[in-house]
Trainee: 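Got a structure for you, written out below as C-alpha cells; questions coming shortly.
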Amino acid sequence: MIRDLVRELFEKALARGAAEGRWPAAPVAVAVEPPRDPRHGDFAVNAAMVLARAAGRPPRELAAAIAEAVRAADEGGAVASLEVAGPGFLNVRLAPDVWFRALQEVERQGAAFGRTTVGKGKRVNVEFVSANPTGPMHVGHGRNAVTGDAVARLLDWSGHAVTREYYVNDYGAQVQTLARSVHLRYQELAGRTVDFPPQGYPGAYVVEIARALRAEVGDRWLDAPEAEWLGPIRDRAVEHVLGMIREDLAAIDIRFDLWSSEKALYQSGTVERFLGELEAKGLVYVGTLPPPKSRKGGPPAAPADGEAHADGEAEVASAEPLTLFRSSRYGDEVDRPVKKADGTPTYFCADIAYHWQKRQRADALVDVLGADHGGYVPRLGAALEALGHARRDLHVVLIQMVNLTRGGEALKMGKRSGNVVWLREVLDEVGRDAARFLFLTRRADAQLDFDLELAKKQTLDNPVFYVQYGHARLASILRRAAEAGLPEPRFDLAAVRSLVLPEEQELLKRILAFPELMAEAALAYEPHRVAYYLQQTIAAFHSYYTGGKRTGERVIGADPVKTAGRLYLCLALKQVLANGLAALGVSAPDRMESAAVADED
RNA sequence: GGCCCCGUAGCUCAGUAGGAUAGAGCGGCGGUUUCCUAAACCGCAGGUCGCGUGUUCGACUCACGCCGGGGUCACCA
C-alpha cells in the first residue's frame, strides 16, 4: 500500500530524530491521510502537530525540522515535494512514478487486488442471522444476513481466518410454541375446531408442517398427552423451518461454515459442565432479583395486545431464590439468572456457555445482532470478562430496523402479527443484487429506509444499478478496443505515464487506495464504506468519460500510447469495481441487459 | 426513570483512529448527445453539523448536561 510507504518513511525519520534527541518519541501514531483538497498534495502528515506539545516547539518550526529528516531518510527518492502548510501539516507529494509503478499491482493481483494481511491470520468467528427456527426469514433478518456476510467477506479479504456460524435456538419455549402451533393445525386437519391462541405462530408454513406430520403419523398424536408429542413435533418442525431458512439464505447467496445447535449444547452436557465451571470460579450464587423497575410512559398495558407472555403469568415480583451470575461485578446493571425457578438453565446461561466455547475456537468473536438486543451486549461482555477473556474479544454489530416502503409509502409490518414481509418476497421482487447492495448503503446502526420501487428501478437513482452500469460500461469499452484490434491492455510503464490529466490522476489514486479502504472497512466492521467507495469511484469515472467526449480526450484515441495507458486504467478500474462488489456479494455484470433482475436460481 | 443508538442541505444519508474552505445521491432550476452505453455528465440553488458548556494548537468527530426520534429494561429466546 502506498500509504504505508509514506508512513514508514516518516516513522524512520521520526525515530532517527528522536534517537538523536532532536524531538521526543511520538506519543501516538502519526496520521497519514490523503487531504480533502488535492492541492495539498498526495498525503498530509500531522507529525509536527502531534509532537509540538511534548517538544515545546511551535508546530511549523518542528515541521520544517521533520521535513529535513524525512528528505534525508528518503533514499529512494519517492518524495517529490514536502512542504509545511497550515497549522503545521507536512504535505507530501510523491514522485509520479511511484504511483504509476504501483498500478502494476492491479494486474499482478487481479481478483485478489485489495486483499491485505492486516488480519495476520487471526481466527475470527462471525455469528450472524441466528434467527429463531420458528419461521422463514423476514426483511430484518435479511439485513442482518447481508451485513454479517459482508463483514465476514471483508475480514477474509483483510487476512483473517473466518468462520461463519449460525446459532440455532432449537431449544426452549419458542420452539415449543411452534410445536404446539403445529399440533393445533394438525388437529384442524383432522377436522376438529381449535382455538388458535394469539401467541401461536400463524404462518401458512405451520399448516404445511402439520400436513406433513399427518401424512407421517396419521392420527396417532391427536389425543396423546403433550409430553409424548412435544419433543418429536418440535424436532420435525425445527427441521422443516431450518430447511426454509436455508432456502432463503441460498436465495441471497449466503452459506455458513457451522450450524451450532442450542439443543446440542444441552445434550452434550456442555451447559451443565459450564455451570460447574461458573460455580468453581465462584461466579454464581443463589439469591433473589430486585423487583422490576417501574416503567414510566404512557398508558401501561395495551389490552389489545393480549398476553405478552407465553405462559401469561402475573408480573408479581417473585422473591423466589434463583441461581444468579455475578455479571454486575463486570459492569452489568444487575446480576442475571442462569437458572430458572424450576432449576433449568436460562437462555442466557446456554448463550454464554456457547460464547465461552466459541472463544476457545477463535481469537475474536463477532456477533451480528438486532438492535433490540442492544441491552443484551453488556452482560455478554461481562460473561466473557468473568471467564478470563478480554471484553474486546467480542465485537457486536447492531443492526437497526429496516423500514420498507413502496414509492415512499410505508409498508405496515408488525412483529408477531400476520403482516410480516418475508425476505423471500423482497428478493423475488427486486433481485438479490439490489437487496444486498441497498442493505449495505447505510451504517448498520442507522435505520434503513428500503424502497421496493427504487430497488427495482434500472435508473441512476438506484445505486446498485449505477455501480453495476459503471462496471458494464468499462467492460464495453474494453470489448470495443478488442474489436478494434487493439492489443489486450497490459501494464506498461511508458503507457501509464501518459495518465496525467487531473481526472486520470484522481482515478489512479482511488484505485490504489482500494486496499486501504478494504482494510479499514474490515477493521471497523463497516461494509457500507465499500458501498460508498464504489459509488464515488464510478462517479469519478463517469465524469471523466463524459468529459472526454467534450474535450476529445477519449479512452480509445489516435495516440497509441495514451490509448494503451487509458485502456489499462479502465482494466484496473473494472477490476477494483469487481473486487469491491465481490466483497459485498454483489455481481459485476459485463453488460446491462434489459431485464437485469435475477430471474431464477 | 436507567442504559444503548441516532440527530449534518427540502428528503435519504456519508464524513476514513479530532485536521486545513463540511460532502454525495435524490428532489428543484438551467444546460450537454457528428454518440468508446445520454442507463451518463456539467452548472446553479440549498448548512448556526439539534442546543450549551468543556478538553487542545484545532471539535461534525472526544467528555459532561439538556432537547428531539428510536430501541431496550423477563426465571422469552
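Here is the naming used below: chain letters follow the sequence lines, and residue numbers restart at 1 for every chain.
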Trainee: Within the 4.0 Å heavy-atom criterion, would you say Ala85(A) contacts the bases, only the backbone, or no part of the nucleic acid?
Mentor: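 Base: the residue Ala85(A), judged by heavy atoms under 4.0 Å, touches a nucleobase.
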Trainee: Looking at Lys340(A), does any N or O in its side chain come under 4.0 Å of the phosphate oxygens OP1/OP2 on A77(B)?
Mentor: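 Lys340(A) to A77(B) OP1/OP2: side-chain N or O found under 4.0 Å.
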Trainee: By nearest atom, which of the nucleotides A77(B), A40(B), A17(B) is closest to the Glu520(A) side chain?
Mentor: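 So the side chain of Glu520(A) is nearest to A17(B).
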Trainee: Pick the nucleotide of RNA chain B nearest each of Phe348(A) and Ala44(A); which residue has the one closer to the 5' end?
Mentor: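 Nearest-nucleotide comparison on RNA chain B picks Ala44(A).
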Trainee: Quick check on the 6.0 Å ring-centre criterion: do Phe89(A) and His40(A) meet it?
Mentor: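 They do not qualify: ring centres at least 6.0 Å apart.
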Trainee: I want to check one thing: is the phosphate of U12(B), taken as OP1 and OP2, less than 4.0 Å away from some side-chain N or O of His528(A)?
Mentor: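 False: His528(A) side-chain N/O out of range (4.0 Å or more) of U12(B) OP1/OP2.
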Trainee: Taking the nucleotide of RNA chain B with the nearest heavy atom to each, does Glu262(A) or Gly557(A) sit closer to the 5' end?
Mentor: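 Of the two residues, Gly557(A) wins.
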Trainee: Where the side chain of Arg529(A) is concerned, which of G19(B), U16(B), C36(B) is the nearest nucleotide?
Mentor: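 Of the options given, the side chain of Arg529(A) lies nearest U16(B).
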Trainee: Can you tell me how far P in G7(B) sits from the matching atom in C13(B), rounded to whole Å?
Mentor: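 The same atom, P, in both gives a distance of 10 Å.
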Trainee: Taking the side chain of Gln447(A) as heavy atoms from C-beta outward, which of C36(B), G19(B), G70(B) is closest to it?
Mentor: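 Comparing C36(B), G19(B), G70(B) against the side chain of Gln447(A), the answer is G70(B).
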Trainee: When the C1' atoms of G46(B) and A22(B) are considered, how many whole Å apart are they?
Mentor: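 Nearest-Å result for G46(B) against A22(B) at atom C1': 14 Å.
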Trainee: Please measure how far the C1' atom in G43(B) lies from the corresponding atom in G50(B), and state the result in whole Å.
Mentor: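 The answer is 32 Å between these two C1' atoms.
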Trainee: Taking atom P in both A39(B) and A17(B), what distance in whole Å separates the two?
Mentor: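 It comes out at 38 Å once rounded to the nearest Å.
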Trainee: Tell me the partner of C44(B), counting only Watson-Crick (N1-N3 plus N6-O4 or O6-N4) or G-U wobble (N1-O2 and O6-N3) with both under 3.5 Å; none if nothing fits.
Mentor: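 Pairing partner: G28(B).
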Trainee: So, Asp367(A) and His355(A): side-chain donor and acceptor under 3.5 Å apart, yes or no?
Mentor: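 Distance-only check passes for Asp367(A) and His355(A).
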Trainee: Just how far, in rounded Å, is P of C41(B) from CD of Glu503(A)?
Mentor: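 Distance check: Glu503(A) CD to C41(B) P gives 14 Å.
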Trainee: Does G18(B) have a Watson-Crick or wobble mate here (both distances under 3.5 Å), and if so which one?
Mentor: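 Answer to the pairing question: none, since G18(B) forms no Watson-Crick or G-U pair.
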Trainee: Considering Watson-Crick and G-U wobble pairs with both distances under 3.5 Å, what does C3(B) pair with?
Mentor: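 Here C3(B) is engaged in a pair, and the nucleotide opposite it is G71(B).
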Trainee: Using a cut-off of 4.0 Å on non-hydrogen atoms, how would the nucleic acid contact of Gln535(A) be classed: base, sugar-phosphate, or nothing?
Mentor: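 Counting heavy atoms under 4.0 Å across all strands, no contact is made by Gln535(A).
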Trainee: For the residue pair Asp433(A) and Ser587(A), confirm or rule out a side-chain donor-acceptor distance under 3.5 Å.
Mentor: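 Per modelled atom types, Asp433(A) and Ser587(A) side chains form a pair under 3.5 Å.
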Trainee: By the 4.0 Å heavy-atom rule, please label Pro59(A) as base, sugar-phosphate, or nothing.
Mentor: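 No contact.
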Trainee: Check every strand shown and say whether Arg39(A) touches a base, only sugar-phosphate, or nothing at a heavy-atom separation below 4.0 Å.
Mentor: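 Answer is base: heavy atoms of Arg39(A) come under 4.0 Å of a base.
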Trainee: Given the rule in the side-chain contact (heavy atoms from CB on, under 4.5 Å) test, do Phe439(A) and Val139(A) qualify, once you have shown the distances and angles that lead to the verdict?
Mentor: CA-CA 10 Å; Phe439(A) 277 143; Val139(A) 178; 4.0 Å; yes
Trainee: More than 12 non-hydrogen atoms from neighbouring residues, nucleotides or ligands closer than 6.0 Å to CD on Glu488(A), yes or no?
Mentor: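 Open.
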Trainee: Base, sugar-phosphate or nothing for Ala52(A)? Non-hydrogen atoms, less than 4.0 Å.
Mentor: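 Ala52(A): no heavy atom of the nucleic acid under 4.0 Å.
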Trainee: Hey, does Arg479(A) reach any base, or is it just sugar-phosphate, or nothing, if we go heavy atoms under 4.0 Å?
Mentor: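 Contact class for Arg479(A): none.
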Trainee: Should Asp235(A) and Lys263(A) count as an ion pair when the cut-off is N to O under 4.0 Å?
Mentor: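 Yes, Asp235(A) and Lys263(A) are salt-bridged.
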Trainee: Report the distance from atom CZ of Arg392(A) to atom C1' of A17(B), rounded to the nearest whole Å.
Mentor: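 Answer to the nearest Å: 13 Å.
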Trainee: Of the options G71(B), A77(B), C36(B), whose atoms approach the side-chain atoms of Gln174(A) most closely?
Mentor: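 Looking only at side-chain atoms, Gln174(A) lies closest to A77(B).
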Trainee: In terms of side-chain heavy atoms, does Gln174(A) have a donor or acceptor partner in Tyr347(A) at a distance below 3.5 Å?
Mentor: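 The answer is no; no qualifying pair exists.
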Trainee: Mind checking Asp449(A) for me? I need base, sugar-phosphate or nothing, with any heavy atom below 4.0 Å counting as a touch.
Mentor: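 Sugar-phosphate: the residue Asp449(A), judged by heavy atoms under 4.0 Å, touches backbone atoms but no base.
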Trainee: Give the rounded distance in Å between these two atoms: CZ of Arg480(A) and C1' of C36(B).
Mentor: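 Taking atom C1' of C36(B) as the reference, CZ of Arg480(A) is at 6 Å.
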Trainee: Under 4.0 angstrom, heavy atoms only, what part of the nucleic acid is Tyr532(A) near: base, sugar-phosphate, or nothing?
Mentor: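 Sugar-phosphate, no base atom in range.
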Trainee: Can you tell me how far C1' in A20(B) sits from the matching atom in A59(B), rounded to whole Å?
Mentor: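 Rounded to whole Å, the distance is 14 Å.
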Trainee: Under 4.0 Å between any heavy atoms, over every strand shown, what does Asp332(A) touch: base, sugar-phosphate, or nothing? Just pick one.
Mentor: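 It contacts nothing in the nucleic acid.
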Trainee: On the side chain of Asn91(A), is there an atom forming a donor-acceptor pair with the base of A20(B) - under 3.5 Å, no angle test?
Mentor: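 Looking at the base of A20(B), it does pair with a donor or acceptor on the side chain of Asn91(A) (distance under 3.5 Å).
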Trainee: Using purine N1 to pyrimidine N3 plus N6-O4 or O6-N4 for Watson-Crick, or N1-O2 and O6-N3 for G-U wobble, both under 3.5 Å, which nucleotide pairs with C51(B)?
Mentor: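 Its partner is G65(B).
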Trainee: Which part of the nucleic acid, if any, lies within contact of Arg473(A), taking any heavy atom under 4.0 Å across all strands shown: a base, the sugar-phosphate backbone alone, or nothing?
Mentor: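 Base contact.
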Trainee: Considering just the side-chain nitrogens and oxygens of Tyr466(A), establish if one lies under 4.0 Å of OP1 or OP2 belonging to C41(B).
Mentor: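 Checking Tyr466(A) against C41(B): at least one side-chain N or O falls below 4.0 Å of OP1 or OP2.
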Trainee: Counting the atoms with a prime plus P, OP1 and OP2 as sugar-phosphate, which does Ala472(A) contact under 4.0 Å by heavy atoms, base, sugar-phosphate, or nothing?
Mentor: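 Base, at least one base atom sits under 4.0 Å.
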Trainee: Go through the side-chain N and O atoms of Thr537(A) and Arg510(A) and say whether any donor and acceptor fall under 3.5 Å apart.
Mentor: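 Note: Thr537(A) and Arg510(A) side chains meet the donor-acceptor criterion.
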Trainee: Could you tell me how far apart Arg442(A) (CZ) and A24(B) (P) are, to the nearest whole angstrom?
Mentor: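 After rounding, the reported distance stands at 16 Å.
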Trainee: Specify the separation, in whole Å, of atom CZ of Arg336(A) and atom P of C3(B).
Mentor: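 Between P of C3(B) and CZ of Arg336(A): 14 Å.
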Trainee: Would you measure the distance from the C1' atom in G27(B) across to the matching atom in G19(B) and give it in whole Å?
Mentor: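 It comes out at 33 Å once rounded to the nearest Å.
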Trainee: By the 4.0 Å heavy-atom rule, please label Ser543(A) as base, sugar-phosphate, or nothing.
Mentor: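 Ser543(A): backbone/sugar contact only, no base atoms under 4.0 Å.
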Trainee: Looking at every strand, decide which applies to Tyr545(A) at a 4.0 Å heavy-atom threshold: base, sugar-phosphate, or nothing.
Mentor: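 Tyr545(A): base contact, heavy atoms under 4.0 Å.
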Trainee: If the cut-off is 4.0 Å, is Thr346(A) near the phosphate of C76(B), judged by side-chain N/O to OP1 or OP2?
Mentor: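 For C76(B), neither OP1 nor OP2 has a side-chain N or O of Thr346(A) closer than 4.0 Å.
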Trainee: What nucleotide among A20(B), A38(B), C57(B) has an atom nearest to a side-chain atom of His40(A)?
Mentor: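 Looking only at heavy atoms from C-beta outward on His40(A), the closest nucleotide is A20(B).
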Trainee: Can you tell me, in whole Å, how much space there is between the C1' of G10(B) and that of C73(B)?
Mentor: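 Approximately 37 Å lies between the C1' atom of G10(B) and that of C73(B).
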Trainee: Between C1' on U32(B) and OH on Tyr544(A), what's the gap in Å once rounded to a whole number?
Mentor: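 Going from OH in Tyr544(A) over to C1' in U32(B) covers 19 Å.
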Trainee: Which of these nucleotides, A40(B), A77(B), G70(B), is closest to any side-chain atom of Ala173(A)?
Mentor: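 Nucleotide nearest to Ala173(A)'s side chain: A77(B).
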Trainee: Please report, rounded to the nearest Å, how far the P atom of G1(B) is from the CD atom of Glu333(A).
Mentor: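 Taking CD of Glu333(A) and P of G1(B), I get 15 Å after rounding.
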Trainee: I want to verify a distance call: between A40(B), C36(B), A77(B), whose nearest atom is closest to the Asn169(A) side chain?
Mentor: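 That would be A77(B).
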Trainee: Choosing from U16(B), G19(B), C6(B), which nucleotide comes nearest the side chain of Asp445(A)?
Mentor: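 That would be C6(B).
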Trainee: On a whole-Å scale, what distance lies between the P atoms belonging to C41(B) and G47(B)?
Mentor: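 Here C41(B) and G47(B) have their P atoms 25 Å from each other.
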Trainee: When the distance from CZ of Phe450(A) to P of C11(B) is rounded to whole Å, what number comes out?
Mentor: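 It works out to 23 Å between those atoms.
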Trainee: Output yes when at least one side-chain N/O atom of Lys549(A) is less than 4.0 Å from OP1 or OP2 of A38(B), else no.
Mentor: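 Yes, Lys549(A) has a side-chain N/O under 4.0 Å of OP1/OP2 on A38(B).
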Trainee: State whether Phe541(A) and Arg473(A) meet the cation-pi test: NZ (Lys) or CZ (Arg) under 6.0 Å from the six-membered ring centroid, and within 45° of the perpendicular axis.
Mentor: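 No, Arg473(A) and Phe541(A) do not form such a contact.
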Trainee: If you take all heavy atoms of Pro133(A) and Asn169(A), which pair is closest and at what distance?
Mentor: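 It is CD-O, 3.3 Å.
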Trainee: Using only side-chain N and O atoms of Arg443(A), determine if any of them is under 4.0 Å from OP1 or OP2 of G15(B).
Mentor: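 It does, given that an N or O in the side chain of Arg443(A) lies less than 4.0 Å from OP1 or OP2 of G15(B).
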Trainee: Look at the side-chain N and O atoms of Arg550(A) and state whether any lies under 4.0 Å from the OP1 or OP2 oxygen of C41(B).
Mentor: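 Negative; the distance criterion is not met.
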